[in-house]
Undergrad: 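This is the structure I want to talk about, given as structure tokens.
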Amino acid sequence: MELTGNHDISAAAQTLWNLLMDPDFLARITPGITRMEKISDDNYLAIADVKIGPVKGSFKGEVQITEKQEPEAFTLMVQQKSSIGNVAASVRIRIQELSPEKSNIQFEGKAQLSGLLARTGQRVLSGVANTLSRQFFESLEAEIKQQV
Amino acid sequence: MSTTIHVTVNGKQHTSEVEPRLLLSHYLRDVLRLTGTHIGCDTSSCGACTIHLDGKAVKSCTLLAVQADGAHITTIEGMAQGGALHPLQVGFQEEHGLQCGFCTPGMIMVAADLLDRNAQPSETEIREALEGNFCRCTGYQNIVKSIQHAADIINKKEVVS
Amino acid sequence: MTKLIGQSVKRVEDKRFITGQGQYTDDIVLPGMTYAYILRSPYAHATIKSIDTAAARAMEGVVAVFTGEDIAKAGINGVPTGWQVNFKSGETMKEPPHPLLVADRVKHVGDSLAVVIAESREIAKDAADLIEIDYDVLEAVWNPADAIAADAPQVHEGAPNNICFDWELGNPKAEVDAALAGAHHVTSLDLVNQRMIPNPIEPRSAIGHFESSHDRYTLYTTSQNPHLTRLLMCAFVLGLPEHKVRVVAPDVGGGFGSKIFHYTEEALVIWASGKLGRPVKWTADRSECFTTDAHGRDHVTKAEMGFDKEGNILGLRVKTYANLGAYLSTFAPCVPTWLHGTLLQGVYTTPKINVDVTGVFTHTNAVDAYRGAGRPEATYLLERLLDTAALEMGMDPAELRLQNMIQPFDGVSQPGYMTQVALQYDSGNYQATLHRGLEMVGYEQFRQEQAEARKAGRYLGIGFSTYIEACGIAPSAVVGALGARAGLYEVGQVRVQPTGKVSVFTGAHSHGQGHETTFAQIVADTLGIGMGDVEIIHGDSESVAFGMGTYGSRSLAVGGSAIMKSLDKILEKGAKIAAHKLEAAVEDLDFAEGKWTVKGTDKSIGFGDVALTAYVPHNYPQGVEPGLDFSSFYDPANFTYPFGTHIAIVEVDPQTGKVDLKRFIAVDDVGNVINPMIVEGQIHGGLAQGIGQAMFEGALYDDGGNLINGSYMDYTMPRADDLPSFEVDRLVTPCPHNPLGVKGAGEAGAIGSTPAVVNAVMDALSPLGIFNPSMPMTPESIWRTING
């Protein structure tokens, strides 16, 4: 499944970078994520609950941040397991500063699904992914406004 | 951690201790041993588990047993009254509306609900009413005829009485 | 007495089904029952680095957890294949093992890894969630054309390039090449006969029950084929003594081929029950059915047919890549070869035919027989070629068919028709069904309507399919020579009870076909007794001597004939007893209306009195054994060859690509008919599945080898409002070689209908060009066909 999109956020690139590198912050704004724990530098344990139609599951697995180019780009490697199937995703995230108050976040990547998750409703999942990413950016924007 | 429910099934009262996650379909089959209600899928798509809950056709896999607390339920086992088959049961046999029989209870329960609402449905109305139920054997044609047959029986009876 | 044969007698089995009293496998609960949940691979291809079952084992209510290592340690073989196909070189096909639980490398999504057995289904499932498996995910391949590429991921060691076998049949390829090279016109089609998921509404289920008191096992299973399951499981998988194993297939909620085969879960519950000393039940959820019930079809084909200037067929060349999945299911190798290649003569006089099939392993679920099995694939390519050729050559598709059809023959005074592809057709009048179909559709009038509709910018189309199939499998010696590892006869036992009531034991298995009615009609008519005096017993290896099960439209032609053989023996012995009682010679007796009468007198004795005499033989003929109970094995002399004409009328909206199936006409000739109502029901059901393939159904995979429409929400099967009412009629050309003259009706609808619908869409769109629509013809797919 392809994952692409971009969104303008009212913050400077470095501000965004700092927030996105903070696991507690990420756990708070990412839909479905209930907990994120640091295992080592750039390596986190994430626990999420996701429900898509009749498919519902608790996911657990690692999130890794690689290929870091502060404050412009990084790659998220996600390995999540659940009883309804596993997710392996690799997403490249680019932050382009448009002005000191505004940056564009662009993401591009692929997710490989397996199990029940893959065979039930996979064709509607890209729609779900779009909704989830929109929610993520809305929460991000809201958090930034609050912090400012 | 179980909950007590009281339900009336085919006119008989039952009080059961059930786990909160138990589906009504499993309650009917496993606890009450009414195995005429069949389970054909896990996405509420096939309709084989259709029953009547307080007079309306519902897929019993979409409800938890605890949600049926206090309800009146009819299953396929409760359709024949006093030894006489329900007109739909007659219709299905007369018009060869079943082959393997697995979807049949659900089909009959849905059709009974339809005929309650619409005593003389057209072929199109019948086909639309069956839209939530799969049959893989009959190609549906004889199911449609079976329901028309039952409608005729019911309507004739009403004329007589 | 009214004859029952030929009457639409209402089904006797219906009573239990319409009142909710059917007993399907999952309805059975035994004392002390445990419940199995099978943990399956979420990946199409991965090595297993480790499996940790400790947490699952520790869970309260868990009775046992077994993994592939346990199975390997116990020395249990995998499930076998019942048919051997050889390479063209003569080398045996590749036959990799199919273990009950996999220990090292999974080969398709749904491959079994571990079984958890617990006090309840819910506990078993919860415990399975606690099993930790560390996978190394590998590249997978799902498309047969991709799988043979040099750099494709390999499914099995020892099957290079994922090839299981290559195979050919018919005339030498050089002769066919020459015929096509010299042709005035060659029609060439690239076709995908997409993978179908059988989807009987009852999920598969199996209960293993070991009783230590008798060292005896009972398997209750959702099977079309209980005796063969017992044989394969005992002799090849578990090494159990067959006489200590009983297999029961109770009421079975549809099969369509997918319940013919011996599945790993059956052996697993029997083995586990033996280990634990308690009954073990496993029932698939629908998602499991999607990834573990054997699928059907899945051919990638290039088909070319050459014609002379007048439209006479000169030759046919077919190259097919058949997807077999990751493991060989029970009859998998036979379906794309002997059940497909042999049908490529169709109903035409094609003088040169060559078919070449490569069987390919992929990282997908096994593919095996699905309603029609090989014959729909053959019919699809032939009938698509005919209508396409007619359009390309500017000929009428019905005329082109009539011109090339085999002339009528009855198989009695005229010999059977020898094909170029190893079969001898029994009897046929192919023209008659086409003429009747044209009459029913109002062909000339339709063409006028079509012309007017086109002027008005509407796209109406008509499509034909004049199919033939081979049923009633099979003469054992013939199929043995072709690679079958079993005989394909049938067993029928008729036990007349002392009071003249009759119990009939058949090796055929009814899972919707209505044997309890049809077979009883035959028995009651032949013995001159009432339907109510006959009971048909099937599906239990303890009561039925043996059997080969129900598939390939064989039950009546083979199983019914076996019963007829036993009835002959009953009447022959009964006549001896009657003659003794009547003090007459056997030759002087007539049997009619249930009694023997001395010719020209009113002296007679009823069937019931003869039965009683046989069991109370006080006044009894010398040298005749007491009792009236005969068993027969019937091995048919040939296959049977039902045929017919299917015609579809559609309207297509080129703006949206939506296909509206307006009419469907089916004229089938399935030989003699015992119960027209049941035959018509079989035709209807087959049509729905064949039309389902044309318009709605088909498995879809992603690059990881995941089935992405593996649920009833995602896989589109026809619902009641997707189909029109079918217009069906029948003609009768009796089968010349079985006592009932019947040919079989179970698969005809699914075999004939698919190409008719696709041809109709092609015809509808012909003002825009000659298209080759791909199945399923969803609006999107048709829109893409038109818009490139």
Side-chain angles (χ1 to χ4, degrees), chain A residues 1-4 32 34-35 37 39 43 45-64 76-91 108-131, chain C residues 37 39-46 52 55-56 106 108-111 113 116 122 124-140 142 197 285-292 363-365 699-716 778 780:
Chain A
M1 185 174 68
E2 306 282 333
L3 300 166
T4 54
T34 49
R35 198 152 58 93
E37 277 170 27
I39 303 169
N43 220 334
L45 174 79
I47 291 167
D49 284 312
V50 175
K51 184 175 185 316
I52 304 142
V55 180
K56 195 163 57 175
S58 291
F59 289 83
K60 187 176 169 183
E62 286 185 26
V63 176
Q64 224 182 339
L76 267 183
M77 307 283 284
V78 182
Q79 296 277 354
Q80 291 275 300
K81 285 186 176 178
S82 81
S83 60
I84 58 163
N86 304 340
V87 180
S90 159
V91 184
E108 194 177 349
K110 254 188 164 174
Q112 188 67 252
L113 309 175
S114 72
L116 190 62
L117 196 60
R119 59 182 175 274
T120 304
Q122 181 170 172
R123 286 173 303 165
V124 300
L125 268 190
S126 54
V128 174
N130 285 338
T131 310
Chain C
Y37 180 82
L39 182 66
R40 298 183 182 279
S41 171
Y43 299 113
H45 192 198
D52 182 355
V106 288
H108 71 94
V109 171
D111 220 350
L113 287 158
V116 180
E122 290 73 22
K125 206 168 174 175
D126 287 348
D129 282 353
L130 301 179
I131 297 178
E132 288 281 345
I133 301 186
D134 201 0
Y135 298 95
D136 202 352
V137 180
L138 304 169
E139 290 279 308
W142 59 270
I197 302 183
D285 57 32
R286 181 53 57 186
S287 186
E288 259 180 307
C289 295
F290 268 97
T291 55
T292 65
H363 293 104
T364 59
N365 186 29
L700 299 171
Y701 287 87
D702 69 10
D703 289 342
N706 287 293
L707 174 68
I708 61 169
N709 54 349
S711 83
Y712 277 172
M713 290 196 323
D714 301 86
Y715 182 93
T716 315
T778 59
E780 183 192 344

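So you know, we letter chains A, B, ... as the sequences are listed, proteins then strands, and number each from 1.
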Undergrad: Heavy-atom distance under 4.5 Å to chain A: side chain of C:Ser41, backbone, both or neither?
TA: neither
Undergrad: Select, from C:Val137, C:Asp703, C:Asn709, the one with the greatest count of heavy-atom pairs under 4.5 Å involving chain A.
TA: C:Asn709
Undergrad: Where does C:Leu39 contact chain A at under 4.5 Å (heavy atoms): side chain, backbone, both or neither?
TA: neither
Undergrad: Between A:Ala46 and A:Val63, which heavy-atom pair has the shortest distance, and what is it?
TA: CB-CG2, 3.8 Å
Undergrad: With sequence neighbours left out, write down each residue that passes salt bridge (Lys or Arg N to Asp or Glu O under 4.0 Å) with C:Asp702, or none if nothing qualifies.
TA: none
Undergrad: Exactly one of C:Leu113, C:Thr292, C:Asp111 should register a side chain to side chain contact (heavy atoms under 4.5 Å, CB included) with C:Arg40. Which one does?
TA: C:Thr292
Undergrad: Mind checking what makes salt bridge (Lys or Arg N to Asp or Glu O under 4.0 Å) contact with C:Glu780, not counting sequence neighbours?
TA: C:Arg784
